[in-house]
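What follows is a short report on a single structure.
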Amino acid sequence: MDIDNTVLIIPFSPDLKEEIKILNLEWLKKYFKVEAKDDRILSDPQGEIIDKGGMIFYAKYSDKIVGTISLLKIDETTFELSKMAVTDKVQGLGIGNKLMEHCIKIAKQKGIKKLLLYSNRRLLPAIYLYKKFGFVEVPLEGGIYERADIKMELII
């Protein structure tokens, strides 16, 4: 099956505001805990991401929203790749790849110079994906997310 023709990447719309929360809570509860910062952002994606100059994208597969990824604005040329999640049922189909490709393409179109992200080394498939797209490890500052033990960036 050619996943490229069956997965559609669509932008945020108010009727999809619950999807980012549902998808992210699924993996956060499985691997970590939901931090206050997560709850604040996921409960108000419009106010916390979109209205602050960020972007949210969704992966639609078989008429269902199965994945999400966000770009949180840090400054005019730097964004944090965040709130990436693909539901367990469709992991391994390349949906994370499609979300990453889309974000990098949009970042280039918008003149964004650097993407950074925070993750955890336990999430081996995620770390592999980030490295595959050219992200490299950089020093991690404290106080961003309790679960973060690695920071990576991509210079575009």
What pairs of donor and acceptor atoms, side-chain ones from residues 40-47 against any protein atom, are under 3.5 angstrom apart with sequence neighbours left out?
residue, atom, partner, partner atom, Å
Arg40, NE, Glu48, OE1, 3.4
Ser43, OG, Lys21, NZ, 3.0
Ser43, OG, Asp39, O, 2.8
Asp44, OD1, Gly47, N, 2.9
Gln46, NE2, Asp51, OD1, 2.9

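- By the side chain to side chain contact (heavy atoms under 4.5 Å, CB included) test, Lys29 is found to be paired with Leu25, Val34, residues two or more places apart in sequence or in another chain being considered.
- Judged as a side chain to side chain donor-acceptor pair (under 3.5 Å), and not counting sequence neighbours, the contacts of Lys73 are Glu76.
- Checking Glu19 against Thr68 by side-chain atom types alone, no donor-acceptor pair falls below 3.5 Å.
- Two residues are said to be in side-chain contact when any heavy atoms from C-beta on lie closer than 4.5 Å; Leu154 and Leu81 fail this criterion.
- Counting only residues at least two apart or in different chains, ring pair (Phe, Tyr, Trp, His ring centres under 6.0 Å) contacts with residues 83-104 comprise Phe57-His102.
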Could you pull out every donor-acceptor pair under 3.5 Å between side chains of residues 123-137 and any protein atom, sequence neighbours left out?
residue, atom, partner, partner atom, Å
Lys132, NZ, Asn97, OD1, 2.9
Glu137, OE1, Arg121, NH1, 3.4
Glu137, OE2, Arg121, NH2, 2.6

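- The cationic group of Lys17 does not satisfy the cation-pi geometry with Phe12, failing either the under 6.0 Å distance to the six-membered ring centre or the 45° limit from the ring axis.
- The hydrophobic cluster containing Ile22 does not contain Leu28, counting ILVMFWY residues as joined when their side-chain heavy atoms lie under 4.5 angstrom apart, directly or transitively.
- Identified under the salt bridge (charged side-chain N to carboxylate O under 4.0 Å, His left out) test for residues 144-156, with sequence neighbours left out: Lys33-Glu146, Glu35-Arg147, Asp38-Arg147, Lys114-Glu153, Glu141-Lys151.
- Taking a 6.0 Å sphere around NZ of Lys37, one finds it holds more than 12 heavy atoms contributed by other residues, nucleotides or ligands.
- Put simply, Val138 and Ile74 are part of two different groups of oily side chains (I, L, V, M, F, W, Y) that touch within less than 4.5 Å, one to the next.
- Residues Leu8 and Ile56 share a hydrophobic cluster, clusters being chains of Ile/Leu/Val/Met/Phe/Trp/Tyr side chains in contact below 4.5 Å.
- Checked by atom type and distance alone, the side chain of Tyr58 pairs as donor or acceptor with a backbone atom of Leu16 at under 3.5 Å.
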